[in-house]
Participant: 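Could you have a look at this structure, given as structure tokens, before my questions?
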Amino acid sequence: MVPRLAASGLAVPVEIIPFGWALTLRRLQSLFDGVPGFNLKLRTASINAKATTFDEKEWDSEPFVTDNKNYIADLFFENGIHGDLRVISDAILRITGVVEHGLFLGLASSVVVAQKDGVVVMKSIDNN
């Protein structure tokens, strides 16, 4: 459990089309300019990893490609996303080149959390 969305330290993925990906990254960056602790990077995959070494300097990488042949931009928020999530979601989706993001707003009516003492189910009051 985290106090706000994206506060876990994990990335919020944004799927982007390869054509014009650098411009799309710049527009995503400018959307969150001035947000403390925000960082963005293109997800990459190693293309010549050697099983005998883990020295990243010897590895070449290229953009990670999804099953739809798109790229992933990873957005990191040190303290989570502040503000109206629906407005932020809409602003991301309006950027040319963005296919979808991993915010998944309004899709769940309850959350099941496993804890040491059992399972807790939290239900949403507002399903909008």
Side-chain angles (χ1 to χ4, degrees):
M1 296 297 295
V2 293
R4 70 183 64 63
L5 194 60
S8 66
L10 300 174
V12 173
V14 177
E15 186 173 3
I16 61 175
I17 60 171
F19 182 79
W21 67 267
L23 177 60
T24 304
L25 285 185
R26 286 194 300 273
R27 289 189 174 165
L28 283 166
Q29 180 69 50
S30 69
L31 181 63
F32 296 103
D33 269 351
V35 174
F38 173 75
N39 189 19
L40 168 138
K41 70 180 203 173
L42 184 67
R43 188 178 297 178
T44 58
S46 176
I47 58 173
N48 68 346
K50 299 175 183 174
T52 59
T53 181
F54 293 101
D55 184 3
E56 289 187 23
K57 289 179 251 173
E58 293 183 24
W59 294 3
D60 291 326
S61 64
E62 61 184 21
F64 174 83
V65 178
T66 69
D67 56 348
N68 290 323
K69 308 292 187 237
N70 293 319
Y71 296 166
I72 300 290
D74 286 321
L75 282 56
F76 296 91
F77 299 85
E78 189 174 295
N79 297 309
I81 300 174
H82 295 266
D84 186 331
L85 294 175
R86 291 184 182 139
V87 170
I88 294 166
S89 168
D90 189 51
I92 293 171
L93 292 173
R94 288 180 182 267
I95 294 174
T96 301
V98 169
V99 177
E100 189 58 82
H101 58 64
L103 294 177
F104 306 115
L105 303 177
L107 297 178
S109 59
S110 58
V111 177
V112 178
V113 180
Q115 299 176 337
K116 282 193 257 181
D117 301 330
V119 174
V120 176
V121 177
M122 294 176 240
K123 295 197 183 243
S124 173
I125 295 171
D126 179 14
N127 287 328
N128 294 331

Participant: I'd like to know if Leu31 and Ile72 are part of one continuous hydrophobic network [Ile/Leu/Val/Met/Phe/Trp/Tyr, side-chain heavy atoms within less than 4.5 Å].
Facilitator: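 No.
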Participant: Nearest 0.5 Å please: distance from the CG atom of Leu28 over to the CD1 atom of Ile95.
Facilitator: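 So the CG of Leu28 and the CD1 of Ile95 are separated by 4.0 Å.
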Participant: Decide whether Val35 and Phe76 are clustered together by the hydrophobic rule: side chain heavy atoms of Ile, Leu, Val, Met, Phe, Trp, Tyr closer than 4.5 Å, transitively.
Facilitator: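 Result: no, two separate clusters.
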Participant: For the atom pair OG1 (Thr24) and CD1 (Ile92), what is the distance rounded to the nearest 0.5 Å?
Facilitator: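 Between Thr24 OG1 and Ile92 CD1, I get 12.5 Å after rounding to 0.5 Å.
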Participant: With the 4.5 Å side-chain cut-off for hydrophobic clustering, are Val98 and Trp21 part of the same group?
Facilitator: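 They do share one cluster, since a chain of ILVMFWY contacts under 4.5 Å joins Val98 to Trp21.
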Participant: With sequence neighbours left out, what residues match Glu100 under side-chain hydrogen bond (donor to acceptor under 3.5 Å, both in side chains)?
Facilitator: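 side-chain hydrogen bond (donor to acceptor under 3.5 Å, both in side chains) list for Glu100, sorted by chain: empty.
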Participant: Got a second to check how far Phe64's CZ is from Asn70's CG, nearest 0.5 Å?
Facilitator: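 That separation rounds to 11.0 Å.
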Participant: Taking the side chain as every heavy atom from C-beta outward, state whether Val65 and Tyr71 have any pair of such atoms under 4.5 Å apart.
Facilitator: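 Sidechains of Tyr71 and Val65: in contact.
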Participant: Of the non-hydrogen atoms in Gln29 and Leu40, which two are nearest, and what is the gap between them?
Facilitator: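 Between these two residues, the closest heavy atoms are OE1-CB, 3.8 Å.
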Participant: So, taking the atom named OG1 in Thr96 and the one named CD1 in Ile17, what distance separates them when rounded to the nearest 0.5 Å?
Facilitator: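 So the gap between those two atoms works out to 8.5 Å.
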Participant: For the atom pair CG (Leu103) and CD1 (Ile81), what is the distance rounded to the nearest 0.5 Å?
Facilitator: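 It is 5.0 Å, given to the nearest 0.5 Å.
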Participant: Please list, chain by chain and in numerical order, all residues satisfying side-chain hydrogen bond (donor to acceptor under 3.5 Å, both in side chains) with Arg26, sequence neighbours excluded.
Facilitator: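 side-chain hydrogen bond (donor to acceptor under 3.5 Å, both in side chains) list for Arg26, sorted by chain: empty.
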Participant: Verify the cluster assignment for Phe104 and Val12: are they in a single hydrophobic cluster under the rule of side-chain heavy atoms below 4.5 Å apart?
Facilitator: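 In one cluster: no.
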Participant: Under a single-linkage definition using a 4.5 Å side-chain heavy-atom cutoff for Ile, Leu, Val, Met, Phe, Trp and Tyr, are Leu10 and Phe38 assigned to the same hydrophobic cluster?
Facilitator: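 Shared cluster, no.
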Participant: Any Lys/Arg nitrogen of Lys41 or Asp74 sitting under 4.0 Å from an Asp/Glu carboxylate oxygen of the other?
Facilitator: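 Judged by the 4.0 Å cut-off on N to carboxylate O distance, Lys41 and Asp74 do not form a salt bridge.
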Participant: Considering all heavy atoms of both residues, which atom of Ser30 and which atom of Arg27 are nearest to each other, and what is their separation?
Facilitator: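 Minimum heavy-atom contact is OG-O, 3.0 Å.
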Participant: When rounded to the nearest 0.5 angstrom, what is the spacing between NE2 in His101 and CD1 in Ile16?
Facilitator: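 Here the rounded value is 14.0 Å.
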Participant: With a sphere of 6.0 Å drawn around CZ of Arg43, does it hold more than 12 non-hydrogen atoms of other residues, nucleotides or ligands?
Facilitator: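 Result for CZ/Arg43: enclosed.
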Participant: What is the ring orientation for Phe77 with Phe32, classed by angle as parallel under 30°, tilted 30 to 60°, or perpendicular over 60°?
Facilitator: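 The arrangement is perpendicular - the two ring planes meet at more than 60°.
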